[in-house]
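See below for the structure under consideration.
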Amino acid sequence: MTTTEMTDPTTAQENAQRDKSDRQRTFWHKTTPYWFMSPYIIIFGTFGIFPVLFMIYLSFHTWNPVAGLGTMEYVGLENYALSLTDPTLWQTLWNTFLMALYSGIPQHLVALPLAYLLVQLGKRARHWLTTAYFLPYVTSTIAISMIFFVMFSKESGIINQALTGLANGSLTGWAFGWLHDVMPLGWVQENSLIRYSVSFVVFWKYVGFNIVIYTAGLATISDELYEAAIIDGANSWQRFTRIALPLLRPFIFFAVTLTIIGNMNLFDEPYVLTRGLQQASTNGMTISNYLYRVAWEWLDMGSAAAISWILFMVIGLFTGLYFWFFGRRGLGGE
Amino acid sequence: MKHTQGLGLALASLTLAGGAMAADLRLDGFPDYDSQLEAILGGFPAHNVDMLMNEHGGHHDKLKTNLATGSGAGDVVLIDRNFVGSFVNQGGFVDLTDEFAPYRDNFAPYAVTQGQGNDGNQYAVPVDLGPGVVYYRRDYMEDMGYDLDEVMTDWDSYLDYGRSLKEDGILLIGNANAVATAYWNFNVEPGNGLYFDSEGEPLVTSDRFKRAFELAKTVRDEGMDGNISEWTEEWYAGFREGRFATQMSGAWLLGHLQNWMAPETSGNWGVSNLPDNTYGTWGGSFLAIPRQSEQPEAAWDLIEYMISEDIQLAGFQNIAAFPAHTATYDDPMFNEPIDFLRGQRARVLFANIAENVTPVEPHEGDQIAESLIGTALEQVLNDGMDIDTALANAERQIKRRVR
């Protein structure tokens, strides 16, 4: 008893100290993960969040970057009004939309059956072929686009050379002879062809990425389902359409969403293939190319920021519509 | 009063002393200026000069970012003629009017004007020029029985030559758009800018642009060009294989032709000024000091050195940068025959052009107008759009965009 009485004040003190160190410990305990994450948070904040916030601010101002930060002038919604009534903006948006379709739809139409075939091939072949298909995806877009630029070249490009060969060939001449009338084709020079040329490069680069997603998806489907189907007499096509496709829905949904977002942001391929927007730019320029031009060639950062937000809204709208129509089924719900 | 005078004197002597001390400078530029600097910096012991070279486009993008944020630019920067108009009026550079005044009269007047802001102050100093010329195949002209004066009398005679060439399966030019570009660049009315008049009103629907577009359209429609994009492998091959008979460009194309584009065609080429005796410029570079530089005096020392007569000549020798300093044109070097051009004393012609080009006022909207007019030209040449419609479209967009 006496001891407790005597130690009462000290206990209070100790308790207080223990409380303090407890609090400190819980503080460190609670914040430790964030300290570990801080390098990422700082970098993401500087290069991710800050520019987004700054761009909101910027889109309500006029600013010529060459004149320095002090020259921003508040103009309200003028940048938005100017951009929304700009025929080039609508033209480039239309270009972007068309190229997104031309490159996006074939990507999935090819990747799905190809992934299905790859899975049938067995492990070793599958690994090698998946790697081969994936290779374009990890190669620098600029390098790929430059090589395609050379291949698309009018006189010496391998594509036109091959077409000429087909048109002249004794076996193929009857089918390709008409090419003589249109050769040489300016794949990256003509406004009538540039969208197809850009779309082909995009298709070629990203089809492998989708194959990887779909092979991963197919791997989640249990073999028993196929076996049961075989016993029931389903042929290979039926197994693909009745088992593989329905069960792949969440994967398709995911991959298509990525394609929509990626293709609406298309920049590098059209930029290189139009030689820095110098040729076939009427039909070949995407909205991202256009906002780059407005910002860095025309030095109108305010308008460029407004165009970025308009692009953001458009992408939001497209993905929103896609979610609305396919979301619940796509994600595997009812 | 006495106090301030004393202070001023002290400050002045301090600045003088500071100017005399060796400073660490950096010059930001693009190749081939690195070769030039390496060759000449040995003769400039006053300061330690470092350089930061990026490819042409990257250098100017970096400079824009540096000016936007007010940090990171070199003490001296190299600026291409195309960018000078959009840079000099934005207040990012040190006013060099007084420093340049003693040298000014020795520099090609049109280039001096290009380096001035709308306030008449000198913000950028010309360091090399691009006299506009047309390179032509001598052998083709001889074979067809034409002589140069006959071809270059005016633009119609130039087109007539193209028609004769076509009968022999030779193209007049790689790409018709060079004809249009040359025409609107080289026929600027006195007092006007390239795309804007002195009031800032766009000129793109004027007769100059209509005629330029018509010329190019004639060349394209009659099959006198190959619609070959410039600076692509196909273009180089065209020079090597002699697919086209003429090419408009800056005098500097000679260096590219003889060094790597088509060395094997040496002796077949000649150079002339443009049809109808027009004088114009195609390229050129400037030096300027960003206001953010902490040692503008030392930076000026470097510019002063780079625009001095000897160094200007050295630049011509080292990297074929045509001197902006007109006193250099008396140097014997200018009289040397050039083998690639079959012994033609072409530098005399270049110098003559440089001294006769009429000054053209730069405008901050030049870049915008240039790309919109480029698109309009493409629509006319490739997509068959009517010239008036295309130009009117361009004008409307220029008016909207230049604020």
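Reminder, nothing fancy here: chain letters follow the sequence lines and each chain counts from 1. Basis for what follows: all heavy atoms, side chains included, without hydrogens, waters or symmetry-related copies.
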Side chains of [X] and [Y]: closer than 4.5 Å at any heavy-atom pair?
| X | Y | result |
| --- | --- | --- |
| B:Ser229 | A:Arg275 | yes |
| B:Glu364 | A:Leu299 | no |
| A:Thr88 | B:Gln397 | yes |

For [X], look at atom [atom1] and say whether over 12 heavy atoms of other residues, nucleotides or ligands are found less than 6.0 Å away.
| X | atom1 | value |
| --- | --- | --- |
| A:Met146 | CE | no |
| B:Trp260 | CH2 | yes |
| B:Glu264 | CD | yes |
| B:Lys166 | NZ | no |
| A:Phe312 | CZ | no |
| A:Trp94 | CH2 | no |
| B:Glu222 | CD | yes |
| A:Ile158 | CD1 | no |

Side chain of [X], backbone of [Y]: donor and acceptor closer than 3.5 Å?
| X | Y | result |
| --- | --- | --- |
| B:Lys64 | A:Pro65 | no |
| A:Lys154 | B:Gly226 | yes |
| B:Glu378 | A:Ser281 | yes |
| B:Glu234 | A:Glu155 | yes |
| A:Gln189 | B:Asn227 | yes |
| A:Glu297 | B:Ile368 | no |

Which portion of [X] sits near chain B, non-hydrogen atoms under 4.5 angstrom:
| X | value |
| --- | --- |
| A:Ser303 | both |
| A:Val188 | neither |
| A:Pro184 | neither |
| A:Thr85 | both |

Structural part of B:Thr65 lying under 4.5 Å from a heavy atom of chain A: both
Chain A contact via B:Ile228 - which portion, at a heavy-atom distance below 4.5 Å: backbone
Heavy-atom pairs under 4.5 Å with chain A, option from B:Ser371, B:Ser86, B:Gly57, B:Gly374 with the top count: B:Ser371
Among B:Asp383, B:Asn393, B:Thr69, B:Thr375, residue most engaged with chain A (heavy-atom pairs, under 4.5 Å): B:Asp383
Of all of [options], which one pairs up most often with chain B through heavy atoms under 4.5 Å apart?
| options | result |
| --- | --- |
| A:Asn191, A:Leu69, A:Val294 | A:Asn191 |
| A:Asp86, A:Thr62, A:Val66 | A:Val66 |
| A:Glu190, A:Arg293, A:Met301 | A:Arg293 |

Side-chain donor-acceptor pair present, B:Asn382, A:Gln279, cut-off under 3.5 Å: no
Exercise: identify the closest heavy-atom pair between A:Tyr292 and B:Asp61: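 Shortest heavy-atom contact: OH-OD2, 3.2 Å.
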B:Arg401 versus A:Ser83, closest heavy-atom pair with distance: NH2-OG, 4.4 Å
side-chain contact (heavy atoms from CB on, under 4.5 Å) evaluation trace for B:Glu233 with A:Val150: CA-CA 8 Å; B:Glu233 189 44 50; A:Val150 175; 5.9 Å; no
